[in-house]
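Input: a single structure, listed below in structure tokens.
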Amino acid sequence: MTPSRHFALIPAAGVGARMGAECPKQYMPLAGKLMLVHVLDTFASCPSIAHTYVVVSKEDGYIDEALAGAKHLADRVTVLHAGGPTRHQSVLNGLHAMRADATDNDWVLVHDAARPGLTGELIDRLIGAVKNDPVGGLLALPVVDTLKRGNAEGRADATVPRDGLWAAQTPQMFRYALLRTALEKATEVTDEASAIETLGLKPKLVEGSPRNFKITLPHDVALAELHLKGNP
Ligand SMILES: Nc1ccn([C@@H]2O[C@H](COP(=O)(O)OP(=O)(O)OP(=O)(O)O)[C@@H](O)[C@H]2O)c(=O)n1
Ligand SMILES: C[C@](O)(CO)[C@H](O)COP(=O)(O)O
């Protein structure tokens, strides 16, 4: 049996509404490089990753210029103009588009373009922890803050017990056929692990890193640049 390969699938078809930038946030410059190019470089530099697929919106007008400035990625990245109305749909469309290249048992690591702080070490940590797992898994961080449930008046209604709570990150790593089936069956989910869970399976939680946070709001940019300047 041929050994399973590892493919990266990068959903990058969002508009970045909460960021409110002039361009979709994945095309914002961070520490001298576009956010998306940070992510593509990390996977391209990782020997464990056979190839990277990036899902952009069908009307994306930025990707060609972004990759024109990153010609070293030409043989390591395939652009799929297959973005959908939601992240779930973009990922599923991407899986369909890469079908010819992947076997059912190949691993797919789905990673947000909005998480440029990912490192090769974190990729290898996830692959090492999950490669023999029957389900798959994801990077995540144990919740360390006390959590409050707020009400409509902006006051704390209750404290939510944090024992056993983790904040999901990406990559989320599952075998091609299982992931595609799960996403086809699930109603709208916010991450791949949720779709796997709806099959009654329990993805493995692998500790990630605070630097691998998702850039969502304007104040996230400065923090991301601190991380990326320190360790691009
Ligand atoms: N229809 C969508 C929506 C999101 N994404 C991607 O999913 C990742 C995480 O989503 P999020 O941080 O929510 O990005 P946006 O949807 O762009 O942000 P916003 O919700 O503020 O518009 C991002 O890399 C984004 O590009 C996608 O590929 N397709
Ligand atoms: C996939 C994810 O990054 C895990 O935390 C998160 O669910 C993405 O949420 P978003 O609303 O699409 O940013």
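Each residue takes its place number in the sequence, starting with 1. Each ligand, and each atom within it, is numbered from 1 in the order the structure gives.
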Output every pair passing side chain to side chain donor-acceptor pair (under 3.5 Å) with a member in residues 198-210, not counting sequence neighbours, ordered by first then second residue.
-> none
Among Pro116, Ala17, Pro11, whose heavy atom sits nearest atom 19 (P) of ligand 1?
-> Ala17
Okay, side chain of Gln169, backbone of Gly208: is any donor-acceptor separation there less than 3.5 Å?
-> no
Taking atom types as modelled, find out whether Asp191 and Ser194 have a side-chain donor-acceptor pair closer than 3.5 angstrom.
-> yes
Polar proximity ligand 1 side, Ala113 side, N/O cut 3.5 Å exclusive = yes
Ligand 1 atoms nearer than 4.0 angstrom to some heavy atom of Val15 are 17 (O), 22 (O)
Check: Asp101/Tyr176 side-chain N/O donor and acceptor closer than 3.5 Å | no
Which atoms of ligand 1 sit under 4.0 Å from any heavy atom of Ser90?
-> 1 (N), 2 (C), 27 (C), 28 (O), 29 (N)
Any side-chain heavy atom of Arg180 sitting closer than 4.5 Å to one from Met98?
-> no
Which segment of Pro85 sits under 4.0 Å of ligand 1 when only heavy atoms are counted = backbone
Return all side-chain donor-acceptor pairs below 3.5 angstrom for residues 131-140, not counting sequence neighbours, or 'none' if the list is empty.
from	atom 1	to	atom 2	distance (Å)
Asp133	OD1	Val135	N	2.7
Asp133	OD1	Gly136	N	3.0

Looking only at atom types and distance, does a side-chain atom of Arg149 sit under 3.5 Å from a main-chain N or O of Ala158, one as donor and one as acceptor?
-> no
Look up atom OH in Tyr53 and atom CD1 in Ile10, then write down how far apart they are to the nearest 0.5 Å.
-> 12.0 Å
Within 4.0 Å of some non-hydrogen atom of Lys214, the atoms of ligand 1 are 12 (O)
Angle class for the His227/Phe213 ring planes (parallel below 30°, perpendicular above 60°, tilted otherwise)?
-> tilted
Set of residues satisfying side-chain hydrogen bond (donor to acceptor under 3.5 Å, both in side chains) with respect to His51, sequence neighbours excluded = Thr78
Top protein contact for atom 8 (C) of ligand 1, by heavy-atom distance | Asp112 OD1, 3.6 Å
Selection from Met35, Arg18, Arg87 by shortest heavy-atom distance to atom 3 (C) of ligand 1 = Arg87
What is the closest protein heavy atom to atom 5 (N) of ligand 1, and at what distance does it sit?
-> Gly14 N, 3.6 Å
How about Asp60 and Val79: do any of their side-chain heavy atoms sit closer than 4.5 Å?
-> no
Test item: Asp112 side-chain N/O and Ala114 main-chain N/O as donor-acceptor pair under 3.5 Å = no
To which protein heavy atom is atom 1 (N) of ligand 1 closest, and what is the distance rounded to 0.1 Å?
-> Gly84 O, 2.9 Å
Candidates Ala82, Ser57, Ala13, Gly16; heavy atom nearest atom 27 (C) of ligand 1 found on Ala13
List of N/O pairs, ligand 2 versus protein, all under 3.5 Å?
from	atom 1	to	atom 2	distance (Å)
ligand 2	3 (O)	Asp112	OD2	2.6
ligand 2	3 (O)	Arg115	NH2	2.9
ligand 2	5 (O)	Arg115	NH2	3.2
ligand 2	5 (O)	Ala168	O	2.8
ligand 2	7 (O)	Thr190	O	3.0
ligand 2	11 (O)	Arg18	NH2	3.3
ligand 2	13 (O)	Arg18	NH2	3.3
ligand 2	13 (O)	Lys214	NZ	2.6

Nearest protein heavy-atom contact for atom 12 (O) of ligand 1: which residue, which atom, what distance?
-> Lys25 NZ, 2.8 Å
